[in-house]
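Here is the structure we will look at, set down as structure tokens.
All residue numbers refer to positions in the sequence shown, counting from 1.
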Amino acid sequence: MPNLPRSILVVGSGGREHALVAALHRSPSAPKLFCAPGNPGIAELATCEAVAADDIPGLVALAQRLKIEFVVVGPEVPLALGLVDELAKVGIPAYGPKADGARLEASKIYTKEILQKYQIPTAPAAFFSDPAAAIDYIRSRPAPIVVKADGLAAGKGVVVAQTHAEAESAVHQLLALPAQSKIENPNSKILIEDCLTGEETSILVVVSGRDYVILPTSQDHKRIGDGDTGPNTGGMGTYSPAEVVTPALLARIEREIVRPSVDAIASEGIHFVGTLFIGIMLTPDGPSVLEYNTRFGDPETQVVLPRLETDFLELLWAASKGELSRIQLKIRPEHALCVVVAARGYPNSYPKGDLIGLPNILPTSVSIFHAGTARNPAGHLVTNGGRVLGVTALAPTLRHASVDAYAVCDAIQCTSKYFRRDIGARQLRRT
Ligand code: AMP
Ligand code: GLY
């Protein structure tokens, strides 16, 4: 075993970060784990420190004080704010791109320009800051049509408009989006792109310069309602593997999208270390890139990491050391399925502070990942966000995983709980 770091700081507080901490906790090297700011579920595996994920100086000072040897960054905002750049200045290695790489997620226009320049398949698009010009363009194209904010918008920056009128109102809505966190002026531009049809898949790639390792495939369910209805959310559930991505299709995705993307990023002079999460539409004409994210997906991570047999710490550490080529990924054959338990009302307004009762005994194949949870002054677990929990089951078949995950979702007590009933249904219908 290589020399692995003994003290690790994970940045973030969601279900993804709980899954990251759980995977690092499984490392045979038994590192000391810290998380900032973490959540009550993470606190069972790591020491949580009350520093916000967008407080860059605070996180750097914390890492120095705790003598952290490796930082793993969960969310996109600290990456875009340059956390990894600042850690590098004080000699602390991290997993996650520097601000130049994080721009691939923080600016959809920048990404579209790279995709076009390197001829990577993606929908045709045009960019605007003037609403009148955008509306003229919309009227010249067939509906449906997609309107996207350029900058980070926490999942609220994309409108798939069915009609011209809907697209026109999206132009005004997206140009008026509030700035996310401390990132300057993110949404003063929009993209308008042709609407693609097909199934989506999330391809997570661990990248280190020109080397990469493709993680198991997964599929998210973005809409709030059963049958893919209602508004988009951060993601309501996932499963892995996504069998719609056959080995032949994965080989094509690697040839036409993954390898060219990794090479394009390197050719642009970016030394990318971190996760390149490629959102792909499987169109009748072939796979096409919807977006890049520069971090692990949430809730994709909650199904991908439980399937890794490879030591996750060794994988991330090898990426940060430029030694990824020595990693042979081992994947468990089981299927994983994650149901997100949300607060009723999400993605719009929802209550906070509702008591949560978790089952006392869980099957060993089921994990409950905390996302929007907190402890009230009496120490009881309560809801504290839109996506509250993620219930992941691992089983020999997807159907078993679904039965096991939903049994636990039903057993969770919480008056405001809401979850989709059809996670994985599309694949279950096929098999
Ligand atoms: P993005 O953040 O760019 O991945 O967009 C969020 C979601 O909007 C995607 O997961 C798709 O469901 C949808 N979407 C984005 N772009 C397109 C497109 N060109 N055609 C159809 N749907 C899209
Ligand atoms: N589940 C989609 C995302 O993490 O962006």
Side-chain angles (χ1 to χ4, degrees), residues 95-97 101 104-105 108 111-123 196-220 238-297 300-301 303-310 312 314-316 318-320 322-336 426-427 430:
Y95 180 81
L104 292 162
E105 173 164 2
K108 288 185 190 290
T111 290
K112 188 63 86 172
E113 284 169 343
I114 290 191
L115 291 167
Q116 289 171 343
K117 176 171 168 186
Y118 292 91
Q119 297 177 0
I120 299 167
T122 188
L196 303 175
T197 55
E199 258 188 78
E200 285 180 51
T201 185
S202 304
I203 302 291
L204 272 56
V205 189
V206 172
V207 178
S208 177
R210 285 187 190 266
D211 295 329
Y212 64 86
V213 170
I214 300 178
L215 296 180
T217 57
S218 60
Q219 195 172 59
D220 191 7
T238 39
Y239 63 91
S240 172
E243 288 182 330
V244 64
V245 184
T246 59
L249 183 53
L250 186 60
R252 179 171 179 191
I253 289 172
E254 177 168 11
R255 192 173 63 243
E256 294 181 6
I257 292 177
V258 176
R259 177 88 260 170
S261 295
V262 171
D263 283 341
I265 293 165
S267 300
E268 289 296 302
I270 298 170
H271 181 66
F272 193 101
V273 172
T275 305
L276 184 67
F277 161 164
I278 313 180
I280 292 178
M281 186 75 89
L282 303 171
T283 78
D285 301 327
S288 180
V289 177
L290 292 172
E291 64 168 346
Y292 291 140
N293 295 310
T294 60
R295 50 162 176 87
F296 285 101
E300 284 85 348
T301 305
V303 289
V304 168
L305 298 193
R307 296 191 59 230
L308 292 190
E309 216 168 286
T310 304
F312 184 56
E314 203 180 328
L315 172 69
L316 301 192
S320 87
E323 296 167 2
L324 205 50
S325 54
R326 71 174 171 76
I327 297 285
Q328 270 293 334
L329 201 64
K330 285 209 194 76
I331 299 169
R332 298 172 62 144
E334 286 98 332
H335 293 248
R426 200 188 309 232
Q427 179 156 316
R430 270 194 292 260

If you take all heavy atoms of [X] and [Y], which pair is closest and at what distance?
X: I203; Y: T217; answer: CD1-CG2, 3.9 Å
X: F296; Y: F277; answer: C-CD1, 4.1 Å
X: E256; Y: I120; answer: O-CG2, 4.0 Å
X: T122; Y: S288; answer: CA-OG, 3.2 Å
X: E268; Y: I114; answer: CG-CD1, 4.0 Å
X: T294; Y: E105; answer: N-OE1, 2.8 Å

[Y] and [X], any side-chain heavy atoms less than 4.5 Å apart:
X: V205; Y: L215; value: no
X: K112; Y: Q116; value: yes
X: D220; Y: E300; value: yes
X: H335; Y: Y239; value: no
X: L282; Y: V245; value: yes
X: R295; Y: T275; value: no
X: Q219; Y: S202; value: no
X: V262; Y: F272; value: no

Can a side-chain donor-acceptor contact be found between [Y] and [X] if the only test is distance below 3.5 angstrom?
X: Y212; Y: E254; answer: yes
X: S261; Y: Y118; answer: no
X: S240; Y: R307; answer: yes

Inset, instruction - Start with the C-alpha gap between L290 and E200, add the side-chain angles, then the distance that decides, and say whether side-chain contact (heavy atoms from CB on, under 4.5 Å) holds. - result: CA-CA 9 Å; L290 292 172; E200 285 180 51; 3.6 Å; yes

Legend entry - Intermediate values then yes/no, salt bridge (Lys or Arg N to Asp or Glu O under 4.0 Å), R430 and E199: CA-CA 13 Å; R430 270 194 292 260; E199 258 188 78; 2.6 Å; yes

Interatomic distance, [X] atom [atom1] to [Y] atom [atom2] [nearest 0.5 angstrom]:
X: I278; Y: I214; atom1: CD1; atom2: CD1; answer: 8.0 Å
X: D211; Y: R326; atom1: CG; atom2: CZ; answer: 12.0 Å
X: E323; Y: L315; atom1: CD; atom2: CG; answer: 12.0 Å
X: I327; Y: L316; atom1: CD1; atom2: CG; answer: 9.5 Å
X: R259; Y: I253; atom1: CZ; atom2: CD1; answer: 16.0 Å

Are the side chain of [X] and the backbone N or O of [Y] linked by a donor-acceptor pair below 3.5 Å?
X: T310; Y: K330; answer: yes
X: T201; Y: S218; answer: yes
X: T283; Y: G286; answer: yes

Inset, instruction - Would you please test E291 and N293 for side-chain contact (heavy atoms from CB on, under 4.5 Å) and show each step? - result: CA-CA 7 Å; E291 64 168 346; N293 295 310; 3.3 Å; yes

Inset, instruction - For the pair R426 and E243, evaluate salt bridge (Lys or Arg N to Asp or Glu O under 4.0 Å) and give the outcome as yes or no after the intermediate values. - result: CA-CA 10 Å; R426 200 188 309 232; E243 288 182 330; over 6 Å; no

